[in-house]
Amino acid sequence: MAQVLEFKLPDLGEGLTEAEIVRWLVEVGDVVAIDQPVVEVETAKAMVEVPCPYGGVVTARFGEEGSELPVGAPLLTVAVGATDASSASPGDDGAAAEEPSGGSGSGSGSGSGNVLVGYGTGAPAARRRRIRPEWNTAPAAPAAPAVVSAPSRPAPVAVGEVNGRQGPVAVVSPLVRRLARQHEIDLRGLTGSGPDGLILRADVDSAIRQAGEAGAVTEAAARTAAEPVVAAAPTLQVGAAAPATAERIPLRGVRGAVADKLSRSRTEIPDATCWVDADATELMAARAAMNAASGPSGGPKVSVLALLARICTAALARYPELNSTVDTAAREIVRLPGVHLGFAAQTERGLVVPVVRDAHTRNAESIGAEIARLTELARTGKLSPAQLTGGTFTLNNYGVFGVDGSTPIINHPEAAMLGVGRIMPKPWVHKGELAVRQVVQLSLTFDHRVCDGGTAGGFLRYVADCVEQPAVLLRTL
């Protein structure tokens with residue numbers, strides 16, 4: 001007889017508490033192997049495929065594509081030991097084993113240790129009979145043998161009258177409960193849109209919007225009653241267009257994470273920006289010479305971004321104050337021993353900042369190869385959370401958008417960011433004569449707590465000198 005096991009959304013690491021379902025990779029009734037990816041989810045850090053630690057027949061899925069699930073919420077159930085969909089009979093649901101997050105769920109090797117954070121191979125879990133919640137006591141409609149009714153939800157948190165009858169409130173996520181408390185939303189009056197009437201975050205968000213609209217209408221009515229009537233309201237003409245409704249876009253996933261980080265940076269960091277124009281003609285000539293020397297098949301080309309990254313590591317060696325962070329609790333400036341260089345990359349999912357580890361130990365060619373590798377992963381949405389965190393300094397090349405200058409916002413908790421505009425021909429005084437040169441604007445935003453303007457200016461001037469005279473870097477190569 002097949003054993004139905006429940007697979008919950010695992011802890012994806014980096015302190016993430018929820019994920020959005022992007023695409024299901026399996027259907028109910030499909031046979032899955034151990035460690036086979038079953039769903040693609042998007043977190044605030046990256047898009048990842050989640051592997052299932054069980055092998056068997058998929059009997060139920062939880063959550064539609066585009067919905068958010070908290071960590072620990074059920075993802076799907078698998079009938080372990082079934083060779084096809086007909087082996088997973090509905091009668092197995094009453095005695096299905098509820099799998100704890102630390103176990104494999106089967107003593108016969110049906111579980112896997114190769115899963116995400118929070119899951120691993122352990123002792124077999126004891127089979128426990130599931131008690132159906134009171135809010136789902138209505139008899140289920142007849143179903144095909146291939147379908148097993150959904151496993152029970154975690155213990156509800158409150159009891160009250162729901163839709164005219166007594167029963168527990170169907171809420172799984174503590175985030176949903178906290179959001180409801182903050183906005184004084186009575187969960188007992190909501191009808192959940194999730195499986196078995198589960199109240200999701202979207203349901204609470206909808207109730208908050210409705211409460212806000214109702215409050216606005218009440219306030220407007222009270223204000224109208226208090227004010228004297230000046231003129232009659234205009235009559236809506238037949239066929240006239242209805243007022244347009246503003247589009248609301250949820251701040252979640254990558255966009256939500258970027259919004260939180262930028263807001264925190266502006267709130268906590270007293271930043272200042274300095275900038276300078278530099279003649280990049282010699283830098284472009286040096287790059288052309290490097291790529292010509294490698295020959296048609298001599299390896300990857302050296303990019304301008306790689307050269308600028310190498311210049312940054314040399315500048316940070318001279319001005320280590322900018323490769324630091326501030327410990328606000330201890331009131332200390334922490335100077336970091338190595339340079340983990342982040343670079344801004346615009347993708348279809350939004351702005352991400354991959355990190356080149358130990359950039360201070362790499363030459364321009366090595367940095368360029370790593371930037372190319374991380375950029376490709378960013379474009380395909382396959383960057384891991386570890387590849388998006390831990391940076392100590394960020395390089396932002398906004399010149400690719402045809403922009404000359406900008407004032408970068410520091411990537412919290414770093415202490416500085418260097419912005420690079422487009423390199424374009426401009427009139428420039430060169431050797432006492434007016435000439436057309438390749439000019440670029442460099443801007444440095446820095447945390448004024450870690451250094452004064454003299455240090456920041458010295459750093460930026462050194463970067464500009466290396467751009468104008470790349471031979472300056474020969475001392476540190």
Side-chain angles (χ1 to χ4, degrees), residues 278-318 322-323 338-347 351-384 386-403 408 411 414 416-424 438 440-444 459 462-477:
D279 181 359
T281 306
E282 296 299 328
L283 180 70
M284 300 302 288
R287 173 178 175 264
M290 292 178 190
N291 291 333
S294 63
S297 59
K301 302 297 184 181
V302 177
S303 66
V304 175
L305 187 62
L307 291 175
L308 291 170
R310 180 64 185 89
I311 291 173
C312 283
T313 59
L316 289 171
R318 284 176 167 246
L322 295 172
N323 193 59
V339 178
H340 301 314
L341 186 68
F343 64 96
Q346 190 70 38
T347 70
L351 180 67
V352 295
V353 184
V355 177
V356 178
R357 303 287 170 184
D358 300 315
H360 61 290
T361 65
R362 300 173 181 262
N363 57 26
E365 184 175 341
S366 173
I367 292 176
E370 183 67 359
I371 288 176
R373 184 182 75 87
L374 293 172
T375 300
E376 181 59 28
L377 291 176
R379 287 173 179 166
T380 57
K382 296 182 179 179
L383 284 171
S384 67
Q387 293 169 320
L388 291 167
T389 55
T392 62
F393 184 92
T394 297
L395 176 63
N396 186 2
N397 180 21
Y398 43 76
V400 296
F401 303 116
V403 177
N411 188 19
E414 298 171 11
M417 177 185 291
L418 179 69
V420 182
R422 60 177 175 170
I423 302 175
M424 62 179 302
Q438 300 291 324
V440 62
Q441 184 181 97
L442 307 171
S443 54
L444 176 72
F459 174 92
Y462 179 79
V463 170
D465 290 344
C466 290
V467 168
E468 295 182 339
Q469 304 175 38
V472 173
L473 277 177
L474 292 176
R475 294 183 179 181
T476 60
L477 294 178

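Keep in mind it's a predicted model, so treat the numbers as computed, not measured.
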*asked:* To the closest 0.5 Å, what do you measure between CD (Glu282) and SG (Cys466)?
replied: 13.5 Å
_Pairing residues for Thr380 by the side-chain hydrogen bond (donor to acceptor under 3.5 Å, both in side chains) criterion, not counting sequence neighbours_ = none
_Minimum heavy-atom separation for Ala464 and Leu442, please, with both atom names._
CA-CD1, 4.0 Å
*So which heavy atom on Ala364 is nearest to which on Ala306, and how close?*
O-CB, 3.6 Å
*Okay, side chain of Arg362, backbone of Arg357: is any donor-acceptor separation there less than 3.5 Å?*
yes
_Closest approach of His340 to Val355 (non-hydrogen atoms, all atoms of both residues)_ = CB-CG1, 3.7 Å
*Nearest heavy-atom neighbours spanning Gly421 and Asn397*: O-OD1, 4.4 Å
*Would you give the length of the straight line joining atom OG1 of Thr347 to atom CG of Leu377, rounded to the nearest 0.5 angstrom?*
12.0 Å
*Indicate the atoms forming the closest heavy-atom contact of Tyr398 with Ser443, along with that distance.*
OH-OG, 2.7 Å
*Does any N or O in the side chain of Gln438 come within less than 3.5 Å of the main-chain N or O of Met284, such that one atom is a donor and the other an acceptor?*
no
*Spell out, as yes or no, whether a donor-acceptor pair under 3.5 Å connects the side chain of Asn323 to the backbone of Gly338.*
yes
_For a quick test of reading the model, state the closest non-hydrogen atom pair linking Met417 to Pro408 and the distance between them._
SD-CB, 3.3 Å
*To the nearest 0.5 Å, what is the distance between CG (Leu395) and CZ (Arg310)?*
13.5 Å
*Show your reasoning for whether side-chain contact (heavy atoms from CB on, under 4.5 Å) applies to Val304 and Val420.*
CA-CA 11 Å; Val304 175; Val420 182; over 6 Å; no
_Polar side-chain atom of Glu468 near backbone of Ala278 as donor-acceptor pair, under 3.5 Å_ = no
*Got more than 12 heavy atoms from elsewhere within 6.0 Å of CD, Gln469?*
no
_ring pair (Phe, Tyr, Trp, His ring centres under 6.0 Å) partners for Phe343, two or more places apart_ = none
*asked:* Can you confirm whether Arg379 is buried at CZ, in the sense that more than 12 heavy atoms of other residues, nucleotides or ligands lie under 6.0 Å from that atom?
replied: no
*How long is the span from the NE2 atom in His360 to the CG atom in Leu316, to the nearest 0.5 Å?*
11.0 Å
*Under 3.5 Å, is there a donor-acceptor pair between the side chain of Ser366 and the main chain of Asn363?*
no
*Roughly how far apart are Leu308 CG and Thr313 OG1, rounded to 0.5 Å?*
11.0 Å
*Look up atom CG in Leu473 and atom CG in Leu307, then write down how far apart they are to the nearest 0.5 Å.*
8.5 Å
*How far apart are the C-alpha atoms of Leu418 and Cys312, what are their side-chain angles, what is the distance that settles it, and do they pass the side-chain contact (heavy atoms from CB on, under 4.5 Å) test?*
CA-CA 8 Å; Leu418 179 69; Cys312 283; 3.5 Å; yes
